[in-house]
S.K.: 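Pasting a structure below so you can have a look.
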Amino acid sequence: MKRVLPGFGLTMGFTVAYLGLVVLIPLVALFIKAAGIGWHEWLEILTSPRVLAAAKLTFGASFCAALLSSVTGLLVAWVLVRYEFPGRRFLDGMVDLPFALPTAVAGITLTAIYAPNGWIGEHLAKHGIQAAYNPLGVFIALTFIGFPFVVRTLQPVMEDLGKEVEEAAATLGAGRWTVFWRVILPMLVPALITGFTLAFARAIGEYGSVVFISGNLPMKTEILPLLIVSQLEQFKYGAAAVIAAGMLIVSFALLFLINLLQRRLDWQHR
Amino acid sequence: MSSTHHVTTESKPVRLLLIAAAAFILGLFLLLPLVAVFAEALRRGWELFLASLKEEEAWSAVKLTLMAAGLSVPLNTLFGLSAAWLVTKFRFRGRAFLLSLIDLPFAVSPVIAGLVWVLLFGAHGWFGPWLAEHDIRIIFALPGIVIATVFVTFPFVARELIPLMESQGSDQEEAAVTLGAGGWRIFRSVTLPSIKWGLMYGVLLCNARAMGEFGAVSVVSGHIRGETNTLPLHIEVLYNEYQFSAAFACATILALLALVTLGIKSLVEHLSGHSSNGRH
């Protein structure tokens with residue numbers, strides 16, 4: 001195709017140079033630093049009990065949080081797209097709050113709410129449940145962070161769903177629940193997976209909202225990003241780089257896999 | 001209501017139940033924390049609240065936060081405009097790859113976004129000795145805070161503009177070219193007016209993130225009180241010293257910033273008549 005509009009060279013040059021300087025070179029430097037450590041020590045660092053415990057908590061809590069965000073996000077997106085009711089626009093605007101609220105603010109606030117003397121923590125404590133300073137607290141913070149990703153990914157897809165298929169299914173005698181389960185939900189699955197993945201990926205790296213509510217006990221409530229910080233504070237730059245590189249490899253692999261799955265689903269859908 | 005409409009919605013009780021459930025989820029998950037920020041800040045009264053905001057360290061934190069955002073947001077805005085023009089006006093090899101690279105910082109933990117700069121410019125980093133020789137401070141100083149913030153907020157403006165400019169196409173710009181208009185002229189008088197709301201929201205969101213960034217900045221700042229503490233870091237310091245009311249008082253500034261951002265988003269959507277459901 002012939003390029004009609006001007007500015008290709010200029011924007012290409014600036015975009016690539018800026019991307020390289022700000023994102024790519026630093027990330028490559030991280031991997032070079034990590035690779036320089038040596039294979040043997042890599043294994044030693046990544047299989048140490050403290051790293052393994054942190055990895056289990058980080059990925060486990062992120063996965064569960066993304067799952068809960070998917071279920072609640074599906075319900076909220078459905079209500080916001082399909083129903084007309086007073087206060088709908090207000091609720092819709094609220095969904096973005098975790099995007100806009102700084103993570104440190106979210107962190108201290110969630111801690112205040114879920115601490116044993118907090119608004120919700122108080123009631124949980126009566127039933128012997130401790131949310132803050134427990135893995136449960138990590139899960140709560142990560143759910144807060146991931147929730148909007150699911151809603152915002154589902155909404156445009158739901159808005160574009162044609163009602164013809166639903167009508168056809170209903171004419172053929174399918175009940176509303178059957179229509180939802182067999183007709184609507186399958187059409188939403190690709191978007192649901194995308195939303196889940198975005199929430200999951202964001203949760204894995206989350207730091208600010210978690211460090212306050214988790215209590216940061218090694219082996220118990222310590223997440224991977226915090227472990228990186230504590231390695232840095234002890235001037236163990238190599239170990240910090242190795243843990244970070246390991247996290248990035250897992251995150252990128254995850255996003256790549258989901259991308260593949262997505263294309264397959266899209267293809268089947270056609 | 002026609003009968004065909006009826007079969008594609010739920011019965012009234014189910015609808016009400018679902019609406020109530022959604023309102024409950026949003027109230028408990030999102031509204032309650034927002035209310036709690038202000039309730040905690042005012043728990044010990046207005047006087048203490050105002051006094052905490054007048055602290056000198058709080059002010060220097062606000063100033064540093066404004067400076068970091070004031071430097072990183074324009075840079076990322078320039079990048080966003082350039083990248084959006086590039087990928088929406090032209091088709092070239094590697095375009096899809098470039099698009100995924102722009103999204104890359106979303107998948108990187110803020111802590112890692114800080115760590116990469118420490119590895120490059122820290123005392124034990126690649127350029128550390130050279131910087132020390134020339135007496136240049138990047139880590140534990142303003143430049144470090146700015147570059148860490150730039151990394152974390154890198155995709156926001158681009159992400160907002162790309163879908164918008166893609167959906168608008170290039171017909172008008174191409175018409176302007178045939179009429180003999182130059183590149184800058186086309187951008188200023190054809191493209192910019194039609195993307196101004198999206199651009200404004202992208203800049204605002206980028207700004208909210210820049211001012212609220214915690215993890216990345218925490219790694220590179222060194223937590224020097226009154227010097228390299230941004231507002232979120234100052235909140236952390238106060239909180240860890242059990243000065244809860246003061247911590248929440250400072251948090252209200254950032255919570256208000258978030259509310260203003262969301263308010264303007266709603267307004268922009270209302271004015272432009274389209275809903276921008278970009279991912280962030």
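Residue numbers start from 1 in every chain, and the chains themselves are labelled A, B, ... in the order their sequence lines are given, proteins ahead of strands. Since this is a predicted model, take the numbers as computed values, not measurements. Side chains included, hydrogens not; waters and symmetry mates left out as well; all remaining heavy atoms used.
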S.K.: Check B:Val116, B:Ile147, B:Leu115 against A:Pro26 for a side-chain contact (heavy atoms from CB on, under 4.5 Å) and give me the one that passes.
M.R.: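 That would be B:Val116.
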S.K.: Please look at A:Arg88 and chain B and tell me whether the side chain, the backbone, both or neither of the residue comes under 4.5 angstrom of a heavy atom of that chain.
M.R.: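 Looking at A:Arg88, nothing touches chain B.
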S.K.: Parallel under 30°, tilted from 30 to 60°, perpendicular over 60°: which one fits the rings of A:Phe8 and B:Phe92?
M.R.: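 Perpendicular: the ring planes of A:Phe8 and B:Phe92 meet at over 60°.
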S.K.: Give, as side chain, backbone, both or neither, the part of A:Leu154 having an atom under 4.5 angstrom from any heavy atom of chain B.
M.R.: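 Neither part, no heavy atoms under 4.5 Å.
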S.K.: If you tally heavy-atom pairs under 4.5 Å against chain A, which of B:Asn240, B:Leu34, B:Leu18, B:Val177 wins?
M.R.: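 When all of B:Asn240, B:Leu34, B:Leu18, B:Val177 are compared, B:Leu18 has the most.
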S.K.: Tell me, do A:Tyr207 and B:Val219 make a side-chain contact under 4.5 Å, heavy atoms counted?
M.R.: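 Side-chain contact under 4.5 Å: no.
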S.K.: Any donor-acceptor pair under 3.5 Å linking the side chain of B:Arg15 with the backbone of A:Val79?
M.R.: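 Checked: no pair found.
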S.K.: Quick one: pull up CZ in A:Phe85 and CG in B:Leu16 and give me the separation to the nearest 0.5 Å.
M.R.: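 Rounded to the nearest 0.5 Å, the CZ-CG separation comes out at 10.5 Å.
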S.K.: Can you measure from CG (B:Leu119) to CD1 (A:Ile32) and round to the nearest 0.5 angstrom?
M.R.: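 Between atom CG of B:Leu119 and atom CD1 of A:Ile32 there are 11.0 Å.
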S.K.: Using the ring of each side chain (for Trp, its six-membered ring), is B:Phe214 parallel, tilted or perpendicular to A:Phe212, with breaks at 30° and 60°?
M.R.: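 Correct class here is tilted.
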S.K.: With rounding to the nearest 0.5 angstrom, report the CZ to CD1 distance, B:Phe248 to A:Ile108.
M.R.: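 That separation rounds to 4.0 Å.
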S.K.: Report which part of B:Glu173 has an atom under 4.5 Å of a heavy atom belonging to chain A: side chain, backbone, both, or neither.
M.R.: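 For B:Glu173, the contact with chain A is made by backbone and side chain together.
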S.K.: Give, for atom CG of B:Leu120 and atom NZ of A:Lys33, the distance between the pair rounded to the nearest 0.5 Å.
M.R.: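 B:Leu120 CG to A:Lys33 NZ: 10.5 Å, rounded to 0.5 Å.
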S.K.: Tell me, for A:Thr72 versus chain B, whether the close heavy atoms (under 4.5 Å) come from the side chain, the backbone, both or neither.
M.R.: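 Both parts, heavy atoms under 4.5 Å.
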S.K.: Please flag which part of A:Val151 lies under 4.5 Å from any non-hydrogen atom of chain B: side chain, backbone, both or neither.
M.R.: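 No part of it gets close to chain B.
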S.K.: Which atoms of A:Ile140 come close to chain B, meaning under 4.5 Å heavy atom to heavy atom: side chain ones, backbone ones, both, or neither?
M.R.: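 When you check distances to chain B, no heavy atom of A:Ile140 falls under 4.5 Å.
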S.K.: Looking at B:Phe29, B:Trp85, B:Phe79, B:Phe244, which makes the most heavy-atom pairs under 4.5 Å with chain A?
M.R.: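 Top count of heavy-atom pairs under 4.5 Å with chain A: B:Phe79.
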S.K.: Relative to chain B, which segment of A:Trp177 carries a heavy atom at a distance below 4.5 Å: side chain, backbone, both, or neither?
M.R.: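 Looking at A:Trp177, nothing touches chain B.
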S.K.: Between B:Cys250, B:Gly212, B:Gly182, B:Pro232, which residue shows the highest count of heavy-atom pairs closer than 4.5 Å to chain A?
M.R.: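 Answer, by heavy-atom pair count under 4.5 Å with chain A: B:Gly212.
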S.K.: Measure A:Leu19 against the heavy atoms of chain B and call it side chain, backbone, both or neither at under 4.5 Å.
M.R.: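 Both backbone and side chain of A:Leu19 come within 4.5 Å of chain B.
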S.K.: Under 4.5 Å heavy-atom distance to chain B, tell me which part of A:Leu226 shows up: side chain, backbone, both or neither.
M.R.: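 Neither part.
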